[in-house]
Amino acid sequence: MELSMPPPQIYVEKTLAIIKPDIVDKEEEIQDIILRSGFTIVQRRKLHLSPEHCSNFYVEQYGKMFFPNLTAYMSSGPLVAMILARYNAISYWKELLGPSNSLVAKETHPDSLRAIYGTDELRNALHGSNDFAAAEREIRFMFPAVIVEPIPVGQAAKDYLNLYVTPTLLKGLTELYLAS
């Protein structure tokens with residue numbers, strides 16, 4: 001009996017990244033690190049959230065002692081929100097960020113972004129989605145016009161490629177060949 005391996009699939013995942021108000025001036029430096037780490041920046045926007053919007057974004061933290069300080073901090077100036085994409089984007093971005101408490105990050109993960117750019121437990125410089133559901137919700141919050149949907153795989157991907165991509169490539173490559 002012959003066992004055959006299924007063909008490899010490429011799964012691209014998206015996550016939300018936020019450069020927080022106190023380090024917006026380091027945006028280019030951080031984007032360079034993001035790109036060198038294998039991420040694609042799908043979309044980016046600079047915005048200034050009101051305390052009310054911050055409360056809505058961090059609704060899961062509501063009722064915790066640090067919540068008022070968090071919303072004040074996040075609404076204290078402009079921030080940069082980005083949709084990052086790559087294979088296992090959520091876990092890779094969380095790994096690059098390091099522990100959420102910058103003081104802990106400086107001790108345990110000194111090369112992490114929060115260790116480098118963060119200052120304390122609250123001002124940890126950057127945000128990353130915790131899981132797929134959070135990423136989907138947070139991307140929709142920061143980028144309301146973006147359609148967040150899974151990339152087709154398997155037969156759906158083959159159908160899409162056969163219907164849209166292959167005919168266009170075939171036509172273009174034929175024209176290139178005939179022109180040479």
Side-chain angles (χ1 to χ4, degrees), residues 1-21 23-49 53 56-60 74 78-98 100 109 111-114 116-117 125-180:
M1 179 173 174
E2 184 180 318
L3 293 176
S4 63
M5 297 275 297
Q9 300 286 333
I10 298 174
Y11 296 97
V12 177
E13 188 174 78
K14 293 178 187 150
T15 191
L16 183 76
I18 296 176
I19 300 174
K20 295 183 178 181
I23 64 153
V24 165
D25 61 325
K26 303 282 188 194
E27 177 186 355
E28 283 185 36
E29 192 175 308
I30 293 167
Q31 284 183 1
D32 185 52
I33 293 167
I34 289 168
L35 294 172
R36 283 188 287 116
S37 299
F39 290 94
T40 298
I41 300 172
V42 176
Q43 204 161 351
R44 174 207 162 278
R45 73 186 280 219
K46 193 172 199 171
L47 64 159
H48 192 144
L49 296 177
H53 278 105
N56 291 336
F57 182 77
Y58 286 107
V59 70
E60 293 169 350
M74 290 301 291
L79 53 82
V80 177
M82 295 173 284
I83 301 172
L84 305 182
R86 71 166 278 172
Y87 176 77
N88 283 337
I90 295 167
S91 62
Y92 279 115
W93 180 238
K94 285 172 66 172
E95 185 179 323
L96 196 58
L97 288 176
S100 60
H109 297 77
D111 295 329
S112 69
L113 293 177
R114 287 179 173 149
I116 296 166
Y117 297 104
L126 297 135
H127 170 83
S129 304
N130 282 329
D131 54 38
F132 184 80
E136 189 175 0
R137 181 186 68 78
E138 292 171 357
I139 289 169
R140 287 179 202 268
F141 185 92
M142 292 291 180
F143 299 90
V146 165
I147 298 170
V148 182
E149 58 185 54
I151 293 174
V153 294
Q155 191 58 47
K158 289 176 187 169
D159 292 345
Y160 178 84
L161 291 171
N162 288 333
L163 187 61
Y164 298 105
V165 178
T166 303
T168 304
L169 283 175
L170 185 60
K171 181 181 176 191
L173 291 172
T174 303
E175 287 178 17
L176 274 174
Y177 177 76
L178 294 175
S180 60

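Side-chain atoms are counted along with the backbone in the values below, which use heavy atoms only and exclude waters and symmetry mates. We count residues from 1, following the sequence as given.
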> Distance from Ile33 atom CD1 to Glu28 atom CD, nearest 0.5 Å?
Replying inline: 12.5 Å

>> What verdict does the side chain to side chain contact (heavy atoms under 4.5 Å, CB included) test give for Phe132 and Thr15, after you've listed the backbone C-alpha separation in whole Å, the side-chain angles of each residue and the deciding distance to 0.1 Å?
In response: CA-CA 8 Å; Phe132 184 80; Thr15 191; over 6 Å; no

>> Taking the basic N atoms (NZ, or NE/NH1/NH2) and the acidic carboxylate oxygens, is any pair closer than 4.0 Å for Glu138 and Lys14?
In response: no

> Which heavy atom in Gly98 sits nearest to a heavy atom in Ser112, and how many Å separate them?
Replying inline: CA-CB, 3.6 Å

> Roughly how far, to the nearest 0.5 Å, is CE of Met82 from OG1 of Thr40?
Replying inline: 12.5 Å

> Are Ile41 and Leu35 close enough, and set up right, to give a side chain to side chain contact (heavy atoms under 4.5 Å, CB included), and what steps lead you there?
Replying inline: CA-CA 7 Å; Ile41 300 172; Leu35 294 172; 4.0 Å; yes

> Between Phe57 and His127, how do the two ring planes meet: parallel, tilted or perpendicular, split at 30° and 60°?
Replying inline: perpendicular

> Short question: side chain of Glu13, backbone of Tyr87 - any donor-acceptor pair under 3.5 Å?
Replying inline: no

> So which heavy atom on Asn130 is nearest to which on Ile90, and how close?
Replying inline: O-CG2, 3.9 Å

>> Using every non-hydrogen atom in the two residues, find where Ser129 and Ala135 come nearest and quote the distance to one decimal.
In response: OG-CA, 3.3 Å

>> For a 4.5 angstrom cut-off between non-hydrogen side-chain atoms, does Val12 reach Arg86?
In response: no

>> Can you tell me how far apart CG (Leu96) and CD1 (Ile34) are? Round to the nearest 0.5 Å.
In response: 7.5 Å

> How many angstroms lie between atom CD of Gln31 and atom CD1 of Ile19, to the nearest 0.5 angstrom?
Replying inline: 5.5 Å

> Does the side chain of Arg44 reach to within under 4.5 Å of the side chain of Val80, using non-hydrogen atoms?
Replying inline: yes

>> Contact between Leu84 and Val42 at the side-chain level, heavy atoms closer than 4.5 Å - yes or no?
In response: no

> Does the side chain of Glu29 come under 3.5 Å of the side chain of Tyr117 through a donor N or O and an acceptor N or O?
Replying inline: yes

> Between Pro78 and Lys46, which heavy-atom pair has the shortest distance, and what is it?
Replying inline: CB-CE, 4.2 Å

>> Using the rule given for side chain to side chain contact (heavy atoms under 4.5 Å, CB included), can you reason through Arg137 versus Glu60, listing the C-alpha separation, both sets of side-chain angles and the distance that settles it, and then say yes or no?
In response: CA-CA 12 Å; Arg137 181 186 68 78; Glu60 293 169 350; 4.0 Å; yes

> Hey, what do you get for CE (Met74) to CG (Leu79), rounding to the nearest 0.5 Å?
Replying inline: 5.0 Å

> Taking all non-hydrogen atoms of both residues, which atom of Leu49 and which atom of Met142 are closest, and how far apart?
Replying inline: CD1-CE, 3.7 Å

> Out of curiosity, Glu136 CD to Asp131 CG, how far, rounded to the nearest 0.5 Å?
Replying inline: 10.5 Å

>> Does Leu113 form a side chain to side chain contact (heavy atoms under 4.5 Å, CB included) with Trp93? I'd like the steps, not just the answer.
In response: CA-CA 10 Å; Leu113 293 177; Trp93 180 238; 3.8 Å; yes

> Taking all atoms of both residues into account, what is the closest heavy-atom pair of Ala81 and Leu47, and its distance?
Replying inline: CB-CD2, 4.1 Å

